[in-house]
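Just so we're on the same page: letters track the sequence lines, and every chain starts at 1.
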Amino acid sequence: MSKALLKNTLREIKNTKARFISIMMIIALGVGFFVGVKCTNPSMVNMAENYYSESNLMDFRLVSSVGFDKDDVEAVKNLDGVSDVMPSYYADVSINTGASSSVVRLMGVPYDYKDSETINKLVLISGRFPEREGEILLEGNTTPSNSPKELGEKIVIEEKIGDTYAKDSIKRLEFTVVGFVQSPMYISFGRGTTNVGNGKIASYAFIPNEDFVSERYTEVYVRLQKSKDSLSPFSDEYKDLKKEFEEKIEDISDKRLDVFVEENINSAQRELDENKEKFESEKEKAQKELDDAKEELENGENEYNTQIADAQKLIQDGEEKIRQGEIEYQNGKEQYENARAEFEKEFAAYKEKLDSNRKAFEEAKAKFENEQKPALLAGIEELENGIYSLGFGTLQGIEYSIPDGFEEVKEYIRQKESEISVENSLSILLDVKDFLHTDFGDTFDATIDDSATKISELNISLGELKETLSSAQTELDNNEQALISAEQEYETQKAEYTATLEASKEQLEQAEIELESGKSELENSKAEFEKAKSEGKEKLDSGRKEYEEAKADADKEFEKAEKELNDAQKKLDDFSSPKWYIFNRDDNPSYSSFIDDANRVDAVATVFPLFFLLVAMLVTLTTMTRLIEEKRTEIGTFKALGYSNARIVGKFLTYSTFAAVFGSVFGCLLGIPILPKVIYNAYKMMYYMQDIRIKISWPVLIIGVVCAIVCCTFVTAFVCFKSLREKPSELMRPKVPKIGKRIILEKIPFIWNRLSFTSKVTQRNLFRYKSRFFMTAIGIAGCTALIVAGFGIKDAITDIVDIQFGEINKYDIMIVSEGDEKGDFSPLMSTLDKDDRIKDKMLYMQKNITVSSEKAKMTDDVFLCVPDDEKNMDELVSLREREIHKKLYVEDGCAIVSEKLAKILSVKVGDSITLDGTNDKKITVGGICENYIYGYIYITKNTYKDLFEKDVEYNMVLVNVHNLTQDDENNIGFDYLQRDDVKALSFMSTGVKDFQDMIQSMNLIVLVLIVCAGALAIVVLYNLTNINLAERSREIATIKVLGFNHRETASFVYRENIILTVIGTLLGLVLGVWLSRFIVVTVEIDKVMFGRTMHFMSFVYATIGTFLFSAFVNFIMYFRMKKIDMVESLKSVE
Amino acid sequence: MSLVEFENVRKEYIMGEVTINAVDGIDFNIEEGEFAVVVGTSGAGKTTVLNILGGMDSATSGTIRVGDKNITSLSDKELINYRRYDIGFVFQFYNLIPNLTAKENIELATQICENPMDTEKALSAVGLSERANNFPAQLSGGEQQRVSIARALAKRPKLLLCDEPTGALDYNTGRSILKLLQDTCREEKMTVVLITHNSAITPMADRIIRMKSGKVIENRVNENPKNVEEIEW
Ligand SMILES: Nc1ncnc2c1ncn2[C@@H]1O[C@H](COP(=O)(O)OP(=O)(O)O)[C@@H](O)[C@H]1O
Ligand SMILES: [Mg+2]
């Protein structure tokens, strides 16, 4: 570069300070942000590397189910590549901290600690290391659950934790605090979990190795030579190394465990087996004796039982008989009573009838004697009188008629007259007649005949009457006779019946007496029987009791012996399948999350700066375009003077390169020291690590700077060459102002005529300066999008916790349990039932599982969940579709898969997945549920049975609590962990807290983003407004000359800005949704799905933010506008 | 009393160590209704004087009175109102807003006045009624200058200031513009101050103010102003 050109360039820069600074700033922002954020990850990683190596962080932590002996440790130490091995002890104990107890993990520390190069070097914050037994080092970072302790204070360990005695693992219960330390094993708040106490380790502490009871070490720390030689723990080499050594250690563990088994287990097993055999034979013998006694007893019992049964039968028969007799007697009595009643009734009726007959008869007799008889007798007398008088009369008549003469005859007749009676009157008459016949012939015949006829007639009547009388008399007599005989009959009958009744009564009484005597006889025999029975029973019972006691004693002894044997066997079994567990650094959640966090920052850093770079290019483009337009005459002159295009372009390229270089340098200078610190400080809230040491990532820095410079020069060259294509003569003339154009809106006079004058101008301007329109709109859109994205990420992460722990996994506590020793959950469940702190509860199975679809396979952080009561799980685990919140229910025959998992497996509803361990049985996806943390597959217990061909083995109870306070949490923890059927408790609040910490740190990153977006917004808007003002200074001066006041002038210019801001903001909101979605998906890790919904307020914030930035810029520009010098601006066009 | 009175007005530009006296203590006056021409060589300070008179620039010292206003002591706001209501300005390079039609350019000025001339009338006064809806780029230089004049006239200013209005125009067009200005002055009784470096124009003026190196070297009333048609240059 020639000196003149350099000078020219410098002068140009001086003349266009604002523009130069604009370009510089935007490049500084882009590069600074990119490089700064990109350096955060290496710096964090670098810091972690340093921290690991400075603190001699272990590479592996070995824990064995049977502990380690010196030979084990030696074997590991002798491995090629292992630099250090530190055997140690640990035990979880409970320390009372006032209101409640908390679990403390005690770890061993050797006396010569400070002299040796130990693994996991402790940082002594105050005090000293233990020098004798009974001294303790506490952790220096007091977490909230720790009550602060002082040096020299005594720590008392509780005797029991759960059902384990502390003294089983440590020698004493009282320790003196001699110092405070920080362990590199614990770099964040998490202290891990345990299966005792309330399940949460609250803090850690160190005591001398000698204070532990066991002679076998409980853990061994291993450090590799390569780590010691500062191999980065995040390198691929380390990963390979880790794998390699894990395998090596496993090999060793196999060998060492074989030795252990041979030395300790096998002989013990043999002895145990012998004991078992002995026990079995003894048990058999005793059992036989018992059995014999039992048989005898049973025989006696049987005999007794038959005898009793016979006697009982007899008694029963007697009883039956008595009952029968009684029934018979009762029947007889009843019959007798009935007969008697009937008899009395009958005879009463009989008598009554007789009496009425007698009465009727007496009445009839009286009537006959008094009325009929006299009447009849009178009739008879009359008739007899009649007959007599007739006969006598007739004879007298005849006598008188007989002439005297016939005295004889007369005599005769007189004779006859005297003779005459009623009875013979007729015959006399007839005799007379005959007699007369002789003397008188038939002279008297007629008279006599006539009388005779009359007499015979009277005789007939008389006969009749007499007959009537006599028959009536006879009838009466007959009746009387009958009556009398009836009366007699009655009497005899009555007597007869009475006799019969008396006889049967007597008979009954006899029967009753007989019955009574039978009864008393039976009672006697019954009493006798009962006595005999109870006596027999007593005898038998005492025999039985004797036997039972003997048996119980024997059983108890057997059981005891058996339990002893089983315990021994179990212990032996525990040992006989001993295992070494190998933990590496990734198994420490603090370490893995630290690196996750660092990587997350890196992912954000990849996306955002691209955006900045894009906007920077736009800004450079507009600025350079304007600059070159302003310099067209100069360019033309140079061209006319014969300068080569390259030289002319060179000037502008130098200009922009200067801007790019200075901007980059400036950006790096600000970004690299500031951003990693700010971001790291956000994380430092969660990690106990030293301050960050910034590590510049040179490739990133070079990429950033080169990108900026290349983009800048490229844009400049592009604009320059566009101008250079014009002829010098054209260039010398002022650029023809763009022709004013009518816009479409003017074709609609209705609207157009209503617009104010300035709005018309604004509309035309908007359409006239299209490029500026787009630049501004895109620039503002970019800012809005960045702010939206910032808030969007925040929303996405906030949703994780809020929704996951507030709306999906609604349970408060997870009680890990496999039921009691029989696998029975009912004792636990009934306790929970009675516990009024507990609101809801459900048996649940949740276990890690590998799941695969046709396209993918997922192993880590996938859980198979089987609820006991899938229909009523909503209060504890609520399944729903994310977008429309439609409730999902687990149904037989299909599985509900969590969203992210479904995405990884790329399955939709209706597709099928395969669970490991089901012999490749396929199961249909029945629903995809909203879920953010980890992957879940929900199936019903029936489906589980179908798939795995066994019943579900529940391993936890999910529980909801009414209002859970920290105290409640501890109380519930202690209450339930004491139970044998509860293995651990996990409180959701802990999970929530961990994630909230993560969110807190994300908030700061969001703030950084928003500040950057704001800076970007200001630079872009300032630059564009600046150019706008420069381009239109002539117009502005003109209207000023015309007498426009400041407000009017401002509205002439700002209306456009406002419209552009609004358009840009709207565009940015849309763009922001894409951007944040893109970032969220990029940043996401497999086990976590970020929220997918943008909160409405985020858009509001972004809009307000953009408007504020825009207003701020316009406010500043107002003063610039005010200062526009009319005279200067209106000087003749150059 | 004169409409415009300059009293010992100075304007200095300080350029580092050099101080340029663009206007070096001038006194002159212009009567109401006059057609005044300020003439002088390039760099004589004419534009400076006009700018100060128009309220676009401030004098370093001295007093300028226009009517009953003392321009030099006006506040920023008063100055704006002065420009708004009392001054019409015609520029050498027209300074029309390119994005507005001829008519709209005039409206731009009239919308802020208290008693503006009808836009149509202003346009017909400059003979451009036909071109009302053309954009500046669609008009020739002379036509643009006429629009510019119409814009200034439409405000019905007390003073019409024209800074070399014919400078960018060809001879004939220039003449027609000058004629327009002279006619306006006479018909509307408007006070016109016109700047030119061309002395040949002076005969048409009522008053001639001659400047040289920031000083007024002559200020005389032309008893016999000629019509534009009568002069040649
Ligand atoms: N802004 C300025 N800075 C410095 N000097 C200036 C400025 N404006 C004008 N001048 C000087 O003032 C003098 C008068 O200028 P001007 O009034 O434009 O002259 P004229 O219009 O008569 O040609 C000139 O010598 C010019 O160089
Ligand atoms: Mg001039």
Side-chain angles (χ1 to χ4, degrees), chain A residues 733-743 746 749 752-753 755-770 772 1031-1053 1055-1056 1122-1134, chain B residues 11 13 22 42 47-48 50-52 54-58 76-102 104-114 133-139 148 151-152 154-155 157 161 163-164 167-168:
Chain A
R733 255 176 283 147
K735 196 175 183 187
V736 193
K738 274 190 183 162
I739 296 177
K741 256 193 287 189
R742 282 173 205 289
I743 57 173
E746 290 180 55
W752 184 251
N753 291 339
L755 289 176
S756 81
F757 198 76
T758 29
S759 343
K760 285 183 190 176
V761 181
T762 309
Q763 302 298 335
R764 284 225 190 93
N765 280 346
L766 283 178
F767 286 91
R768 184 171 155 219
Y769 302 107
K770 282 199 198 69
R772 199 170 66 214
E1031 279 183 348
R1032 298 171 66 185
S1033 62
R1034 204 175 181 85
E1035 271 179 33
I1036 293 164
T1038 307
I1039 63 169
K1040 272 182 149 181
V1041 172
L1042 286 177
F1044 276 59
N1045 61 30
H1046 296 314
R1047 199 177 45 78
E1048 286 161 341
T1049 317
S1051 82
F1052 189 77
V1053 178
R1055 207 173 280 258
E1056 258 177 81
K1122 232 164 129 178
K1123 268 199 269 169
I1124 284 182
D1125 188 353
M1126 289 169 277
V1127 179
E1128 286 298 309
S1129 308
L1130 293 175
K1131 272 191 178 161
S1132 57
V1133 189
E1134 283 164 62
Chain B
K11 176 75 187 178
Y13 290 106
S42 191
T47 303
T48 312
L50 200 73
N51 284 347
I52 294 169
M56 291 158 63
D57 207 348
S58 53
D76 186 41
K77 207 169 164 193
E78 286 167 327
L79 217 51
I80 290 174
N81 279 336
Y82 168 68
R83 288 202 296 269
R84 194 169 180 140
Y85 303 120
D86 296 344
I87 299 293
F89 223 107
V90 178
F91 306 93
Q92 183 180 3
F93 293 106
Y94 338 125
N95 284 337
L96 296 177
I97 310 288
N99 215 11
L100 300 179
T101 60
E104 285 162 352
N105 260 294
I106 296 164
E107 279 169 347
L108 183 69
T110 57
Q111 61 159 344
I112 57 165
C113 290
E114 272 165 342
N133 286 323
N134 285 86
F135 285 99
Q138 293 164 316
L139 300 172
S148 176
R151 180 172 70 184
K155 286 170 76 182
L161 308 178
D163 192 350
E164 309 229 15

Within a strict 4.5 Å, meaning less than it, do heavy atoms of the B:Ile80 and A:His1046 side chains meet? yes
Under 3.5 Å, side chain of B:Asp163 to main-chain N/O of B:Gln92, donor-acceptor pair present? no
Closer than 3.5 angstrom, by distance alone: can the side chain of B:Arg151 be matched with the main-chain N or O of B:Ala109 as a donor-acceptor pair? no
Using non-hydrogen atoms and a 4.5 Å limit, figure out which bit of B:Glu107 sits close to chain A: side chain, backbone, both or neither. both
Contacting moiety of B:Ile112, where chain A heavy atoms sit under 4.5 Å: side chain
Cut-off 4.5 Å, heavy atoms of chain A, and the answer for B:Glu104 is both
Interchain contact, B:Asn81 with chain A, by part (heavy-atom threshold 4.5 Å): neither
Within the distance-only criterion (no hydrogens, no angle test), does the side chain of B:Lys155 pair as donor or acceptor with the backbone N or O of B:Asp86 below 3.5 angstrom? no
Measuring only between side-chain heavy atoms, which start at C-beta, is B:Phe91 closer than 4.5 Å to A:Val1041? yes
Can you tell me which portion of B:Asn51 sits under 4.5 Å from chain A's heavy atoms? Options are side chain, backbone, both or neither. side chain
